[in-house]
Amino acid sequence: MFFYKTLINWYLKKNRDLPWRKTKSPYEIWLSEIMLQQTRVAQGLPYFLKFTEAFPTVFDLANAEESEVLKLWQGLGYYSRARNLHFTAKYVANELNGVFPNSYKGLLKLKGVGDYTASAIASICFDEPAAVVDGNVYRVLSRFYGIDTPINSTEGIKQFKELAQSIIQEEEPGRYNQAIMDFGALHCKPKSPLCNECPLASNCVALEQEKVSELPVKIKKIKVKKRYFNYVVVITEDETTLFSERKGKGIWQGLYQFPLIETTESISANELVKQEEFVSLIPNDAAISLFNKDEIIHKLSHQHLVTKFWVVRVSQIKGDAIKWSEIEQFPTSVLISNFLKDYTNTNSQNLYI
DNA sequence: AAAACGGGGGT
DNA sequence: ACCCCAGTTTT
């Protein structure tokens, strides 16, 4: 109870003024929670404003084209969130008359809504005492209670959820959930937490045992792969190009891109023109130049994409072309978005063979 | 149980 | 470089 009350009191003084805290509307809370999954508040905030303006209600979102949703989501990452968001909006609008489920259990069934998000919406919108466990909660609980079970182990996930659930009260569960998350984000930070002015210091096990910097424990296991991307930027005399949707599994599903030739290592122009995919795409009269002198290393969590943009000028095109002037309407990755920006600002003289 | 899934910011 | 972020889904 000390823990619970202290966090709520801290929150009443120090909470962040955020737009989704002005409402209990499940639509807006849901929208904000999906956007903030694995995403910093500062990064998600402008997207929340864009989305609520473009889609004031769940019906507006449901009636949008998926590509329109992805375009607004562009740059936020984890694009399956946007596709699931749209799917769930259509489900709620069409099957549930626009009314979101009003319980943790019901919310959990929605696509893109897991344990954290169901708890957040249920507690904030419906005052259900369902405890959220996000990265902040893991950190605050592991330190305050001195728990060194790895937070990303099966056992740790179960243990911390049970502990969090045992703490939450019937009284103001939504406010408490937001309090412990804000406290983790602003006060009990990963590096340099403010222990010398902490309202929980008197009972914090990690502080007492000088283990603050060691907690929480996390098993690290990500291994980064290198991949070699060659984007073929075909440009015809009448300013059209090839730009199509990325199908199948893997990164950037549903986003648009130039024809992509992936190789096992970095290649030259001479090697590029020998690639089967290139031959089938490009006529013999093509003029090929390399746009970026240095390889672009686009860094994702699990892979580094070593990328070359090949500008290929041709008289005519084989596949389905789009007008270059309309390319910005399509949702695309930050990697390609950055290229388009650079390309527009660069004279074609600066190309490298 | 582990891997995949983005991008940005802090140290 | 490495870690972390209002996690969820797929393999």
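Computed over heavy atoms, backbone and side chain alike; hydrogens, waters and symmetry mates excluded. Within every chain, numbering begins at 1; the chains are lettered A, B, ... in the order of the sequence lines, protein sequences first and strands thereafter.
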Length of the line joining I157(A):CD1 and dA1(B):C1', which is rounded to integer Å | 10 Å
Are R21(A) and N15(A) close enough, and set up right, to give a side-chain contact (heavy atoms from CB on, under 4.5 Å), and what steps lead you there?
-> CA-CA 10 Å; R21(A) 292 193 171 154; N15(A) 74 80; 4.1 Å; yes
So what's dC5(B) paired with, Watson-Crick or G-U wobble, going by both distances under 3.5 Å?
-> dG7(C)
For nucleotides dT8(C) and dG9(B), find the distance between their C1' atoms and express it as a whole number of Å.
-> 23 Å
Between K323(A) and E239(A), is there a side-chain N and carboxylate O pair less than 4.0 Å apart?
-> no
Rounded distance in Å - CG (N84(A)) to P (dT8(C)) = 11 Å
Does any residue of residues 3-31 of chain A have a heavy atom under 4.0 Å from DNA chain C, and if so, which ones, in number order?
-> L18(A), W20(A), R21(A)
Relative to the ring of F3(A), is the ring of F144(A) parallel (under 30°), tilted (30 to 60°) or perpendicular (over 60°)?
-> tilted
side-chain contact (heavy atoms from CB on, under 4.5 Å) evaluation trace for R83(A) with E66(A) | CA-CA 7 Å; R83(A) 297 193 306 272; E66(A) 183 176 279; 3.9 Å; yes
Salt bridge D127(A)-R175(A), side-chain N to carboxylate O under 4.0 Å | no
Whole-Å distance, I34(A) CD1 to dT8(C) P, equals 8 Å
Walk me through it: do I327(A) and T241(A) pass the test side-chain contact (heavy atoms from CB on, under 4.5 Å)?
-> CA-CA 9 Å; I327(A) 200 166; T241(A) 190; 4.2 Å; yes
dT9(C) P sits how many Å from K109(A) NZ, rounded?
-> 14 Å
How would you label the contact of N177(A) with the nucleic acid (heavy atoms, under 4.0 Å): base, sugar-phosphate, or nothing?
-> nothing
K161(A) NZ - dG7(C) P separation (whole Å) | 13 Å
So F48(A) and W20(A), ring pair (Phe, Tyr, Trp, His ring centres under 6.0 Å) or not? Walk me through it.
-> CA-CA 8 Å; F48(A) 178 80; W20(A) 49 84; 5.2 Å; yes
Rounded distance (Å) that lies between atom C1' of dG7(C) and atom OH of Y116(A) = 9 Å
Over 60° means perpendicular and under 30° means parallel, so classify the ring planes of W324(A) and F258(A), tilted if in between.
-> parallel
Is it true that F183(A) and Y116(A) fall in one hydrophobic cluster, defined by side-chain heavy atoms closer than 4.5 Å?
-> yes
Distance, C1' atom - from dG6(B) to dC3(C), rounded to whole angstrom | 15 Å
Going 5' to 3' through nucleotides 3-11 of chain B and flagging B where a protein heavy-atom sits under 4.0 Å of the base, S where only the sugar-phosphate is that close, and - otherwise, we get SBBBBB---
Across the strands shown, which category fits S153(A) at heavy-atom distances under 4.0 angstrom: base, sugar-phosphate, nothing?
-> nothing
Mind checking whether W10(A) and H187(A) have parallel, tilted or perpendicular rings, split at 30° and 60°?
-> perpendicular
dG8(B) and dT9(C), which share atom name C1', separated by this distance in whole Å | 23 Å
What are the residues of residues 118-128 of chain A, sorted by number, that bring a heavy atom to within less than 4.0 Å of DNA chain C?
-> none
Which whole number of Å gives the distance between the C1' atom of dC5(C) and that of dA1(B)?
-> 23 Å
How is V113(A) classified with respect to the nucleic acid when contacts are heavy atoms under 4.0 Å: base, sugar-phosphate, or nothing?
-> sugar-phosphate
What is the distance from CZ of F48(A) to P of dA6(C), rounded to the nearest Å?
-> 16 Å
May I ask you to decide whether R81(A) forms a salt bridge with E33(A), counting only side-chain N to carboxylate O separations under 4.0 Å?
-> no
Nearest-Å distance once atom C1' is located in both dT11(B) and dA6(C) | 22 Å
Measure the acute angle between the ring planes of F51(A) and W73(A), then classify it against the limits of 30° and 60° as parallel, tilted or perpendicular.
-> perpendicular
How many Å lie between NZ on K111(A) and P on dT9(C), as a whole number?
-> 9 Å
